[in-house]
Amino acid sequence: MAGHPVQVQSEFARLRTVVLARSEFRAPDVLHPDDPVLRHLTPQHRHATLALQGKNLAAADPGRQRAWEQERDTFRALLERHGIEVLRPRLLTDAEKQATGAAGYSNFFTRDPWFTVGANVIEGALRFAHRRLEVLPSRPVLREHVLPGTAAYVAVPTPELGDAANPDGPGPFIEGGDVLVLGTHVLVGRSGLASDDAGFAWLRKFLEPRGFTVEQVPLQPQVLHLDCALGLVRQGLLLVCEDRLVAGLPDALRAWDRISVSEDEAAALATNGLPLSSDVYVTDPAFSRIGDQLERHGVRVEYVDFAITRSFGGSFRCSTQPLSRVD
């Protein structure tokens with residue numbers, strides 16, 4: 001890996017090596033308007049996903065698929081202009097696409113299936129059935145770039161199977177979008193849509209003996225992940241939709257300067273930009289209001305149109321998983 005250590009010091013330490021998502025999605029065969037899979041989406045994007053029931057996007061709408069891939073290619077070019085090493089997962093195999101059956105499949109957000117905390121790479125456990133195998137396309141990257149080095153590489157226990165009364169099953173679930181790193185302080189979101197208490201307990205049991213403090217942050221039930229409510233831009237500066245935080249900001253962040261984000265902006269992924277360092281932040285031009293405020297705080301803002309990516313419920317942070325963030 002170009003000599004960069006496998007380590008993530010914080011959400012805003014200089015990004016050196018990152019894994020950028022692919023663009024594969026087939027919607028579940030059966031969806032209904034109040035399905036938990038859709039709860040975090042805007043009404044417009046919920047309707048668009050309902051129209052894809054049982055369909056592979058690439059076959060159903062080739063033009064939208066090409067535009068989606070182009071968004072990621074444009075983002076990749078920006079990352080590389082900033083000297084960041086960009087790795088990619090492979091595509092799903094036919095066997096992997098078939099394995100989840102009527103639940104559909106996805107290979108579109110690398111933030112969630114696994115994550116890096118300090119010098120620890122952790123395979124998570126995803127709640128939604130169409131995402132349960134999403135870690136597999138990243139395995140070649142992990143074998144090549146993590147296994148040979150000194151970083152720990154572990155996996156959360158496989159979630160138990162569900163039944164008619166509880167289709168998701170009892171977990172444990174822990175997803176990278178819920179995990180924010182601030183030195184040795186780790187924040188873990190919980191809304192009921194993704195990470196659960198069992199996943200949080202497992203992560204705390206693993207990390208605390210290694211010197212980390214792990215704190216749970218309760219979220220409103222329509223919020224998929226913590227990074228859909230809160231973004232750490234640099235030391236002392238954050239983006240937040242406080243309406244999405246049940247108990248407000250964690251104590252460790254309450255003295256920070258904050259840029260407030262509305263519920264509508266947060267639902268459109270306004271907090272899900274990506275710091276490339278403490279000085280540079282990437283977001284969508286739809287959030288130029290927020291970008292202007294970041295600039296007034298001395299942060300350089302880069303813009304990439306990510307409208308299609310955002311229609312699937314994630315943005316720049318969701319589309320990336322750092323292997324090296326070190327100052």
Side-chain angles (χ1 to χ4, degrees), residues 11-12 21 36-49 67-68 71-72 74-75 78 108-109 111-112 175-180 182 187 189-194 217-234 236-250 253-254 256-276 278 280-320:
E11 294 297 311
F12 43 77
V37 171
L38 303 174
R39 189 180 303 161
H40 62 291
L41 300 177
T42 66
Q44 175 189 0
H45 297 152
R46 197 175 303 148
H47 178 77
T49 303
W68 188 19
E71 285 183 355
R72 262 74 187 271
T74 300
F75 183 33
L78 183 150
F108 58 2
F109 292 123
R111 178 63 57 169
D112 304 322
E175 305 191 4
D178 274 322
V179 179
L180 271 62
L182 181 60
L187 302 174
R190 185 195 186 282
S191 68
L193 282 181
V217 181
L219 302 168
Q220 297 291 352
Q222 82 279 13
V223 181
L224 182 61
H225 294 129
L226 182 57
D227 63 9
C228 302
L230 175 65
L232 308 184
V233 177
R234 70 176 186 211
L237 178 64
L238 56 81
L239 304 176
V240 63
C241 179
E242 293 194 59
D243 289 343
R244 293 188 151 210
L245 302 179
V246 171
L249 281 167
L253 301 176
R254 288 188 179 177
W256 286 32
D257 292 335
R258 65 194 71 171
I259 296 171
S260 293
V261 174
S262 70
E263 170 61 32
D264 286 346
E265 289 172 323
L269 285 308
T271 63
N272 203 258
L274 188 74
L276 304 188
S278 294
V280 182
Y281 186 85
V282 182
T283 191
D284 191 292
F287 307 123
S288 59
R289 180 193 74 80
I290 294 166
D292 290 345
Q293 293 192 56
L294 289 170
E295 295 272 8
R296 286 198 286 273
H297 281 273
V299 178
R300 175 184 167 190
V301 178
E302 298 266 20
Y303 291 103
V304 176
D305 186 334
F306 240 39
I308 296 173
T309 300
R310 290 190 294 112
S311 75
F312 293 106
S315 192
F316 298 99
R317 188 177 191 272
C318 290
S319 299
T320 53

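A salt bridge does not link Glu295 with Arg300: every distance from a Lys NZ or Arg NE/NH1/NH2 to an Asp or Glu carboxylate oxygen is 4.0 Å or more. Salt-bridge annotation for Arg234 and Glu11: absent, with no side-chain N of the basic residue lying under 4.0 Å from a carboxylate O of the acidic one.
For the pair Asp257 (side chain) and Ile259 (backbone), a donor-acceptor distance under 3.5 Å is absent. Checking side-chain atoms of Thr271 against main-chain N and O of Asp227 turns up a donor-acceptor pair under 3.5 Å. Distance alone, capped at 3.5 Å, places no donor-acceptor pair between the Ser319 side chain and the Ala21 backbone. Judged by distance alone, the side chain of Tyr281 and the main-chain N or O of Gly273 form a donor-acceptor pair under 3.5 Å.
Contact record, Trp256 with Phe12: CH2-CE2, 4.0 Å, taken as the closest heavy-atom pair. Here the shortest heavy-atom pairing between Pro36 and Leu193 reads O-CD2, 3.7 Å. When every heavy atom of Ile290 is checked against every heavy atom of Ala270, the shortest pair comes out as CD1-CB, 3.6 Å. The nearest pair of heavy atoms linking Val304 to Phe316 is O-CZ, 3.2 Å. Among all heavy-atom pairs drawn from Gly177 and Asp112, the shortest one is N-OD1, 2.9 Å. Scanning both residues, Asn272 and Gly314, for their nearest heavy atoms gives OD1-C, 4.2 Å.
Atom SG of Cys318 sits about 7.0 Å away from atom NE2 of His225, to the nearest 0.5 Å. A distance of 9.5 Å separates OG in Ser262 from CZ in Arg244, rounded to the nearest 0.5 Å.
Residues passing the side-chain contact (heavy atoms from CB on, under 4.5 Å) test with Thr320, sequence neighbours excluded: Val18, Leu20, Phe75, Arg111, Leu274.
In this structure, Leu253 and Leu232 have side chains that are in contact, with non-hydrogen atoms separated by less than 4.5 Å. Looking at heavy atoms from C-beta onward, Trp68 lies in side-chain contact with Phe108 at the 4.5 angstrom threshold. Taking 4.5 Å as the limit, some side-chain heavy atom of Leu294 sits within range of a side-chain heavy atom of Leu239. Looking at heavy atoms from C-beta onward, Val240 lies out of side-chain contact with Val261 at the 4.5 angstrom threshold. Within the 4.5 Å cutoff, side-chain heavy atoms of Glu302 are placed close to those of Val280. A 4.5 Å side-chain heavy-atom check between Arg310 and Ser315 finds at least one atom pair inside the cut-off. Side-chain contact check for Val246 versus Gln220: some heavy-atom pair is nearer than 4.5 Å. The shortest side-chain heavy-atom distance between Val37 and Thr49 does not fall under the 4.5 Å cut-off.
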Checklist entry - Given the rule in the side chain to side chain contact (heavy atoms under 4.5 Å, CB included) test, do Leu226 and Leu187 qualify, once you have shown the distances and angles that lead to the verdict? => result CA-CA 8 Å; Leu226 182 57; Leu187 302 174; 3.9 Å; yes

Checklist entry - For Glu265 and Cys241, what are the C-alpha separation, side-chain angles and deciding distance, and is it a side chain to side chain contact (heavy atoms under 4.5 Å, CB included)? => result CA-CA 9 Å; Glu265 289 172 323; Cys241 179; over 6 Å; no

Item to check | Residue pair Val301, Thr283: steps toward the side chain to side chain contact (heavy atoms under 4.5 Å, CB included) verdict | outcome: CA-CA 7 Å; Val301 178; Thr283 191; 3.8 Å; yes

Next on the checklist: Test side chain to side chain contact (heavy atoms under 4.5 Å, CB included) on Leu230 and Leu180; report intermediate values, then the result.
Outcome noted: CA-CA 9 Å; Leu230 175 65; Leu180 271 62; 4.0 Å; yes

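Of the N and O atoms on the side chains of His40 and Gln222, not one donor lies less than 3.5 Å from an acceptor on the other residue.
Between Phe306 and the options Thr74, Asp284, Val282, Leu269, a side-chain contact (heavy atoms from CB on, under 4.5 Å) holds for only Asp284.
Within a 6.0 Å sphere centred on NE2 of His47, other residues, nucleotides and ligands contribute 12 heavy atoms or fewer.
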